[in-house]
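Just so it is clear, the values below take in all heavy atoms, side chains as well, and ignore hydrogens, waters and symmetry mates.
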Amino acid sequence: MKKIYFSVMILIFGFLSACSEDSLEGLKGTYEMNRYLFTQAEEQPTDKLSKGIKALNLNLTDEAGNRLTLRIGSSEWVLQEGVYVWTEEVVADKQYTASLQSSSAAGNIIGGNLEVTCVGETYFITGLLEMSNGQPVKCDYKGKLSFEIGEDDPEASGYTIVVTPSPVITYDEMGTPTFHSGILKYTFTVCDPQGKETASFDAINNEDMSTPDLAGTYTIQGNAAEAWLMDNGWVVPDWGMAGGSYYTDSQDNRQYITSGKITVTVTEGTEGELLYSFSGSELGTMTVAGDLGTGAFNIRFCTLL
């Protein structure tokens, strides 16, 4: 029985070997890919392409002097995280064009994606790209980037706000309410172009103020009862309850603001209308699940309804 089993194994091995040899036919040859680790970045002037779209221009070089020239479409004046897709001409966010100059290859990039991530102040750019001669190249960059922040033309972004005034009421440890005269809570409710609510800010200021007069910088504080303060966001994770000032992050999670400063600005749009913007950085935040963190946001050129 052992001899029969051994003979069968020899036959199977021979069959698989033959299949393997046949499967390798036509695959012989040399496959090469140039790899570049860029260590230096030279930012070029940023230009505006269209409403809400900028072109970030960037040269990356390595220690051998090889250079990758990039033109990247972005909705911001600085490079955002995400995947950027090659295109013949940059006209929209998350698009790029590129060319490579090196000792072994030179020409335009005609395909492939760039992936951008940022940890702290360090950018990571990586891409598996295709050159016009059909040669694939692997490109990587790790380092800092800085771009000159330009000024957008004040055009309505499609975001809208509603401002709702209400009395200012604070509560002591026993839950006893105190009504404050001479001031009001002005709640800015922000909706995206699809009409979905994406942020809410409870600004405290003097009564009888017009909406443009509310522009300024507010400090987040619990039980806010003075002009130029803003009620903080609050969360009760065990009950799944939350309220107060918040914004929605890039993962569509509401971040309730526990500390920091929020700036409200107003500017005249290109068609003569007033447009409102909201921004904050280095904010203390909390999710409805009770997760603590820090964050930032920038909502620009909202139309007042």
May I have the list of side-chain donor-acceptor pairs in residues 110-124 shorter than 3.5 Å, sequence neighbours left out?
{"residue": "Glu121", "atom": "OE1", "partner": "Lys144", "partner atom": "NZ", "Å": "3.3"}
{"residue": "Tyr123", "atom": "OH", "partner": "Leu79", "partner atom": "O", "Å": "2.9"}

Output side-chain donor-acceptor pairs under 3.5 Å for residues 178-193, partner residues at least two apart or in another chain, one line each.
{"residue": "His180", "atom": "NE2", "partner": "Thr170", "partner atom": "OG1", "Å": "2.8"}
{"residue": "Lys185", "atom": "NZ", "partner": "Asp231", "partner atom": "OD2", "Å": "3.1"}
{"residue": "Tyr186", "atom": "OH", "partner": "Asn206", "partner atom": "O", "Å": "2.8"}
{"residue": "Tyr186", "atom": "OH", "partner": "Asp208", "partner atom": "N", "Å": "3.4"}
{"residue": "Tyr186", "atom": "OH", "partner": "Met209", "partner atom": "N", "Å": "3.3"}
{"residue": "Thr187", "atom": "OG1", "partner": "Asp202", "partner atom": "OD1", "Å": "2.8"}
{"residue": "Asp192", "atom": "OD1", "partner": "Gln194", "partner atom": "N", "Å": "2.9"}
{"residue": "Asp192", "atom": "OD1", "partner": "Gly195", "partner atom": "N", "Å": "3.0"}
{"residue": "Asp192", "atom": "OD1", "partner": "Lys196", "partner atom": "N", "Å": "2.8"}

Could you go through residues 281-291 and list every donor-acceptor pair under 3.5 Å that involves a side-chain atom there, pairing it with any protein atom two or more places apart or in another chain?
{"residue": "Thr285", "atom": "OG1", "partner": "Gln255", "partner atom": "OE1", "Å": "3.4"}
{"residue": "Thr285", "atom": "OG1", "partner": "Gly293", "partner atom": "O", "Å": "3.2"}
{"residue": "Thr287", "atom": "OG1", "partner": "Ala289", "partner atom": "N", "Å": "3.3"}
{"residue": "Thr287", "atom": "OG1", "partner": "Asp291", "partner atom": "N", "Å": "3.1"}

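Considering every non-hydrogen atom in both Ser99 and Asn108, the closest pair reads CB-OD1, 3.5 Å. Here the shortest heavy-atom pairing between Ala242 and Tyr256 reads CB-CZ, 3.3 Å. Residues Val266 and Ala215 approach most closely at CG1-CB, 3.9 Å, considering heavy atoms. Of all heavy-atom pairs spanning Glu197 and Ser200, the tightest one is OE2-CB, 4.3 Å. Scanning all heavy atoms of the two residues, the minimum distance from Val168 to Ala224 falls at CG1-O, 3.6 Å.
The distance from the CD1 atom of Ile125 to the CG atom of Leu58 is 6.0 Å, given to the nearest 0.5 Å. To the nearest 0.5 Å, atoms CG (Leu129) and SG (Cys139) are separated by 5.0 Å. In this structure, OG1 on Thr97 lies 6.5 Å from CZ on Arg71, to the nearest 0.5 angstrom. Atom CD of residue Glu273 and atom OG1 of residue Thr267 lie 9.5 Å apart, to the nearest 0.5 angstrom. Atom CD1 in Ile53 sits 5.0 Å away from atom CG in Asp93 (nearest 0.5 Å). The CG atom of Asn232 lies 12.5 Å from the OG1 atom of Thr219; values are rounded to the nearest 0.5 Å.
Partner of Glu43 under the side-chain contact (heavy atoms from CB on, under 4.5 Å) criterion, out of Leu56, Asn57, Leu145, Val78: Leu145 alone.
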Would Ile262 and Ser245 satisfy side chain to side chain contact (heavy atoms under 4.5 Å, CB included), going step by step from the backbone distance to the final call?
-> CA-CA 10 Å; Ile262 306 297; Ser245 299; over 6 Å; no

Step by step, would you call Asp140 with Lys142 a salt bridge (charged side-chain N to carboxylate O under 4.0 Å, His left out)?
-> CA-CA 7 Å; Asp140 292 282; Lys142 174 185 175 182; over 6 Å; no

Take Trp228 and Ile204 through the side chain to side chain contact (heavy atoms under 4.5 Å, CB included) test and state the conclusion after the steps.
-> CA-CA 6 Å; Trp228 303 109; Ile204 310 298; over 6 Å; no

Would you sort out whether Leu68 and Tyr141 count as a side chain to side chain contact (heavy atoms under 4.5 Å, CB included), showing the intermediate values?
-> CA-CA 10 Å; Leu68 181 68; Tyr141 171 76; over 6 Å; no

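Inter-residue side-chain proximity for Leu49 and Val90 is flagged as met; some heavy-atom pair is nearer than 4.5 Å. With contacts defined as side-chain heavy-atom distances shorter than 4.5 Å, the pair Tyr276/Val163 does not qualify. Two residues are said to be in side-chain contact when any heavy atoms from C-beta on lie closer than 4.5 Å; Arg300 and Ser157 fail this criterion. Contact of the Leu60 side chain with the Leu70 side chain is registered, since non-hydrogen atoms from C-beta on lie closer than 4.5 Å. At a threshold of 4.5 Å between non-hydrogen side-chain atoms, the residues Asn205 and Tyr218 count as touching. For the pair Glu89/Gln95, no side-chain contact is recorded, criterion being any heavy-atom separation below 4.5 Å from C-beta on. At least one side-chain heavy atom of Met33 sits less than 4.5 Å from a side-chain heavy atom of Leu128.
Every side-chain contact (heavy atoms from CB on, under 4.5 Å) that Asp62 has, sequence neighbours left out, goes to Tyr36, Phe38, Ala64, Asn66. By the side-chain hydrogen bond (donor to acceptor under 3.5 Å, both in side chains) test, Ser132 is found to be paired with no residue, residues two or more places apart in sequence or in another chain being considered. In terms of the side-chain contact (heavy atoms from CB on, under 4.5 Å) criterion, residue partners of Glu42 (sequence neighbours excluded) are, by chain and number, Gln44, Asn59, Arg67.
Hydrophobic clustering of Ile, Leu, Val, Met, Phe, Trp and Tyr side chains at less than 4.5 Å, counting indirect connections, keeps Phe301 apart from Ile299. In the hydrophobic cluster analysis, where Ile, Leu, Val, Met, Phe, Trp and Tyr join through side-chain heavy atoms closer than 4.5 angstrom, Tyr84 is grouped together with Trp77. Placement of Val235 and Tyr247 in two distinct hydrophobic clusters is found when ILVMFWY residues are connected by side-chain heavy-atom separations under 4.5 Å, directly or transitively. Residues Ile72 and Leu100 share a hydrophobic cluster, clusters being chains of Ile/Leu/Val/Met/Phe/Trp/Tyr side chains in contact below 4.5 Å. Connection of Leu229 to Ile257 is not established within any shared hydrophobic cluster, with ILVMFWY side chains joined at heavy-atom distances below 4.5 Å, either directly or through further cluster members.
Using the six-membered ring where Trp is involved, Phe201 and Phe297 have ring planes that are parallel, under 30° apart on the 30 and 60° scheme.
The backbone N or O of Ser75 lies less than 3.5 Å from a partner atom in the side chain of Lys54, making a donor-acceptor pair. With Thr303 contributing its side chain and Thr160 its backbone, the two residues share no donor-acceptor pair below 3.5 Å. Between the side chain of Gln135 and the backbone N or O of Asn133, no donor-acceptor pair lies under 3.5 Å.
Heavy atoms of other residues, nucleotides or ligands lying less than 6.0 angstrom from CD of Glu226 number 12 at most.
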